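Right, I'll just put the structure down here and ask away after.
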Protein chains: 2
Amino acid sequence: MGEPDPKTPRERYRAQVRAEIKEHAWEQIAAAGVPALSLNAVAKQMGVSGPALYRYFAGRDELITELIRDAYQSLADTFRAAFAAGADVGGLAHALREWALEDPQRYFLIYGTPVPGYHAPEDTVRVSDQIMTTLLDACAALTPDGPATPLDAHLEEHRDWADGHPAPPATLHRALAFWTRLHGVLSLELAGHFSGMGIDPALLFAAELDDLLTQRA
Amino acid sequence: MGEPDPKTPRERYRAQVRAEIKEHAWEQIAAAGVPALSLNAVAKQMGVSGPALYRYFAGRDELITELIRDAYQSLADTFRAAFAAGADVGGLAHALREWALEDPQRYFLIYGTPVPGYHAPEDTVRVSDQIMTTLLDACAALTPDGPATPLDAHLEEHRDWADGHPAPPATLHRALAFWTRLHGVLSLELAGHFSGMGIDPALLFAAELDDLLTQRA
DNA sequence: AAAGCACAGTTATAACTTCTAACGAACACG
DNA sequence: CGTGTTCGTTAGAAGTTATAACTGTGCTTT
């Protein structure tokens with residue numbers, strides 16, 4: 001995952017402790033959310049005293065940033081693996097939902113409430129591009145038709161996010177709709193907004209996916 | 001907004017101070033997000049010392065809960081006012097986006113990342129029902145057609161969230177799609193996921209809305 | 001292999017936070 | 001005009017992040 005050459009034994013140890021810290025941090029986040037993540041609690045859980053963790057992470061922010069990085073990478077890997085295994089757009093949607101339900105807080109770490117001041121590091125936007133690229137690859141298989149909309153014209157000019165992908169505007173539009181609609185259902189499901197309504201989120205998700213796959217015009 | 005009868009002068013004063021505290025809390029949240037909301041900072045900003053706020057709120061959690069309550073009420077009022085002013089579904093969508101852009105953190109307080117342990121108080125779900133009711137009223141004007149889907153059958157049986165609204169399943173479906181799709185675009189816009197891509201969120205929002213309004217079969 | 005040094009983990013400390021407790025003072029009410 | 005409720009204060013407990021200084025252990029280098 002990280003540096004592929006843990007040459008010296010010190011680096012091996014260091015990498016392992018870092019991974020262990022992140023492991024405990026994920027547990028705490030899954031249990032009580034990001035705001036409840038406490039460096040001290042992680043240290044206590046590891047049987048090590050407070051400031052020891054500062055040898056491995058500059059602070060709470062850097063740890064969280066690292067977790068965000070890992071979350072992006074995990075989603076990108078999941079997408080790429082699914083696509084490589086022959087999954088079509090529906091398969092990608094299924095993989096996305098599986099991945100999100102597996103650890104909702106991890107999903108929210110990427111697509112949840114942003115902190116006003118915070119800006120994601122440069123490499124995460126690159127991984128984010130990989131995610132979109134895989135999605136575009138899958139969407140390219142769908143028939144790109146329909147009349148040109150104002151959005152299509154806009155997308156024709158602003159396609160830098162597609163990272164050089166040769167998809168036509170209609171496909172870009174399709175991929176964007178995919179992203180926003182599935183995120184719409186998924187984020188509300190993960191936030192528990194349907195559980196109080198007695199609605200089965202899986203059916204709603206399937207309905208949205210079906211609508212995307214059988215898109216008219 | 002709150003209790004409509006501030007009889008005694010003490011109650012008047014108390015209500016005003018509570019409102020002032022919430023005002024400052026909103027500013028802090030808008031500036032740095034919910035996790036950065038500090039009782040102490042609010043007190044300092046009001047020229048009053050720390051524990052004084054505990055006369056008005058039992059603690060940080062109760063203050064945040066109150067802010068969530070106000071956010072729900074604000075959205076419900078906005079929706080109802082727009083509908084009463086003759087807005088159709090498109091008008092409601094416009095009102096929603098305006099309301100969200102006005103204070104993104106307020107939107108995320110309702111539809112953002114949930115805290116695993118937290119459960120919203122009972123009265124907020126009632127206000128949430130009002131929001132859905134207004135949306136259903138607006139959706140009722142749209143032609144409810146199309147073949148019955150598995151989701152429609154499911155909605156026929158689980159329509160308690162519609163709060164006795166006589167809308168047919170197709171309309172319930174329409175309202176849900178409205179909610180999830182607009183939330184999908186809006187939340188990603190507010191989180192800044194489009195700004196790095198060079199995409200105009202307004203166009204994407206408009207495209208999704210148009211697709212909802214000209215829904216086929 | 002032995003000497004030296006780099007680094008892990010420790011305790012102590014500072015500056016924060018929420019929140020409780022006890023005290024003084026001001027203001028409303030009978 | 002007293003009497004009391006309530007407000008705001010200061011003091012303090014328990015928690016947090018983060019820094020600084022110190023002590024070993026063990027890797028690394030000669």
Side-chain angles (χ1 to χ4, degrees), chain A residues 2-3 5-29 31-68 109 115-118, chain B residues 2-3 5-29 31-68 109 115-118:
Chain A
E3 315 302 335
D5 51 350
K7 211 163 36 188
T8 79
R10 278 225 151 111
E11 279 177 7
R12 293 183 72 89
Y13 178 75
R14 192 175 173 77
Q16 195 212 321
V17 174
R18 270 179 76 99
E20 192 178 347
I21 292 172
K22 290 197 280 186
E23 204 60 39
H24 288 281
W26 278 120
E27 289 173 16
Q28 284 201 9
I29 288 179
V34 173
L37 174 62
S38 161
L39 269 293
N40 238 322
V42 169
K44 196 167 299 180
Q45 200 173 353
M46 289 177 63
V48 63
S49 237
L53 301 191
Y54 287 81
R55 297 275 177 197
Y56 302 94
F57 292 96
R60 209 185 91 110
D61 286 3
E62 190 184 295
L63 173 57
I64 292 177
T65 297
E66 188 75 10
L67 296 180
I68 292 174
L109 215 50
V115 174
Y118 183 82
Chain B
E3 316 301 335
D5 51 350
K7 209 163 38 185
T8 79
R10 279 224 149 111
E11 278 176 8
R12 293 182 71 90
Y13 179 73
R14 191 175 175 77
Q16 196 211 322
V17 174
R18 270 181 76 99
E20 192 177 348
I21 292 173
K22 290 198 280 186
E23 204 60 38
H24 288 281
W26 278 120
E27 289 172 18
Q28 285 202 6
I29 288 179
V34 173
L37 172 62
S38 160
L39 269 294
N40 239 325
V42 169
K44 196 169 297 180
Q45 199 172 353
M46 290 178 62
V48 56
S49 236
L53 302 190
Y54 287 82
R55 296 277 178 196
Y56 302 94
F57 293 97
R60 209 184 92 109
D61 285 2
E62 189 185 296
L63 173 57
I64 293 179
T65 297
E66 189 75 9
L67 296 181
I68 292 174
L109 214 50
V115 175
Y118 184 81

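Since the structure is predicted, the reported quantities are computational estimates derived from the model, not experimental observations. Order of the sequence lines fixes the chain letters, A, B, ..., with proteins taken first and strands second; residue numbering starts at 1 for each chain. Note that these values count all heavy atoms, side chains included, but never hydrogens, waters or copies made by symmetry.
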Worksheet item: Whole-Å distance between C:dA8 C1' and A:M46 CE?
Response: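 It is 12 Å, rounded to the nearest whole Å.
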
Discussion item. Please classify the nucleic acid contact of A:V17 as base, sugar-phosphate, or nothing, using heavy-atom distances under 4.0 Å.
Written reply: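 No contact.
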
Practice prompt. Please list, in 5' to 3' order, the outermost nucleotides of DNA chain D lying under 4.0 Å from any heavy atom of chain B.
Written response: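 Range of nucleotides touched by chain B: D:dT5 to D:dA11.
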
Worksheet item: How is the base pairing of DNA chain C summarised as a dot-bracket string, given the Watson-Crick and G-U wobble criteria with both distances under 3.5 Å, [ ] for crossing and | for another strand?
Response: ||||||||||||||||||||||||||||||

Worksheet item: Between the main-chain N or O of B:R14 and the side-chain N or O of B:R55, is there a donor-acceptor pair closer than 3.5 Å?
Response: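 No, the answer is negative, given that no donor and acceptor are paired below the 3.5 Å cut-off.
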
Worksheet item: What closest approach, in Å, do B:Q28 and B:A41 show between heavy atoms, and which atom pair accounts for it?
Response: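 Looking at all heavy atoms of both residues, the shortest contact is NE2-CB, 3.0 Å.
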
Worksheet item: Given side chains that start at C-beta, do those of B:L37 and B:L63 come closer than 4.5 Å, heavy atoms only?
Response: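 Counting from C-beta outward, B:L37 and B:L63 do come under 4.5 Å.
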
Discussion item. Does anything in residues 50-60 of chain A come within less than 4.0 Å of DNA chain D? Heavy atoms only, and list the residues if so.
Written reply: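 Heavy-atom cutoff 4.0 Å gives A:P51, A:Y54, A:G59, A:R60.
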
Discussion item. With a 4.0 Å limit, can you tell me whether A:S49 has a side-chain N or O closer than that to the phosphate oxygens OP1/OP2 of C:dG9?
Written reply: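 Checking C:dG9 against A:S49, no side-chain N or O comes under 4.0 Å of OP1 or OP2.
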
Worksheet entry | pair A:D61-A:Y118: side-chain heavy atoms closer than 4.5 Å |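 With C-beta onward as the side chain, the pair stays apart.
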
Item to complete: Can you spot which of B:E27, B:E66, B:E62 makes a salt bridge (charged side-chain N to carboxylate O under 4.0 Å, His left out) with B:K22?
Response: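 With B:K22 as partner, B:E27, B:E66, B:E62 yield a single salt bridge (charged side-chain N to carboxylate O under 4.0 Å, His left out), made by B:E66.
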
Discussion item. Among residues 18-28 of chain A, which ones have heavy-atom contacts with DNA chain D below 4.0 Å?
Written reply: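 Listed by number, there are none.
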
Discussion item. Nearest 0.5 Å, please: how far is CE in A:M46 from CD in A:E20?
Written reply: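 So the CD of A:E20 and the CE of A:M46 are separated by 4.0 Å.
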
Fill in: Heavy-atom pair with the smallest gap, counting every atom of B:L67 and B:A25
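Taking every non-hydrogen atom into account, CD1-CB, 3.9 Å.
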
Every protein N/O lying under 3.5 Å from an N/O of nucleotides 25-29 of chain C:
none

Worksheet item: From A:Q16 CD over to A:E23 CD, what is the distance, rounded to the nearest 0.5 angstrom?
Response: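 Between atom CD of A:Q16 and atom CD of A:E23 there are 11.5 Å.
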
Worksheet item: Do A:F57 and A:V42 have side chains that get closer than 4.5 Å, going by heavy atoms?
Response: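 In short, these two side chains do not touch, never coming nearer than 4.5 Å.
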
Discussion item. Rounded at 0.5 Å granularity, tell me how far CD1 in B:I64 sits from CG in B:L109.
Written reply: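 The distance works out to 7.5 Å.
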
Item to complete: Considering non-hydrogen atoms only, spot the tightest contact between B:A43 and B:S49 and give its length.
Response: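 In this case the closest contact between B:A43 and B:S49 is CB-C, 4.2 Å.
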
Fill in: Side-chain N or O of B:S38 closer than 4.0 Å to phosphate OP1/OP2 of C:dT18
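Affirmative; the distance criterion is met.
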
Discussion item. Holding to salt bridge (charged side-chain N to carboxylate O under 4.0 Å, His left out), I want the full list of residues that pass it with B:R60, two or more places apart in sequence or in another chain.
Written reply: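 Applying salt bridge (charged side-chain N to carboxylate O under 4.0 Å, His left out) to B:R60 gives none.
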
Discussion item. Without decimals, in angstroms, what is the distance between A:N40 CG and C:dT10 C1'?
Written reply: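 Nearest whole value for this atom pair: 14 Å.
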
Worksheet item: Whole Å only: how far is the CD atom of A:E11 from the P atom of C:dA8?
Response: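 So the CD-P distance, A:E11 to C:dA8, works out to 11 Å.
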
Worksheet entry | Exercise: identify the closest heavy-atom pair between B:I29 and A:P116 |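 So the minimum-distance heavy-atom pair works out to O-CG, 4.3 Å.
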
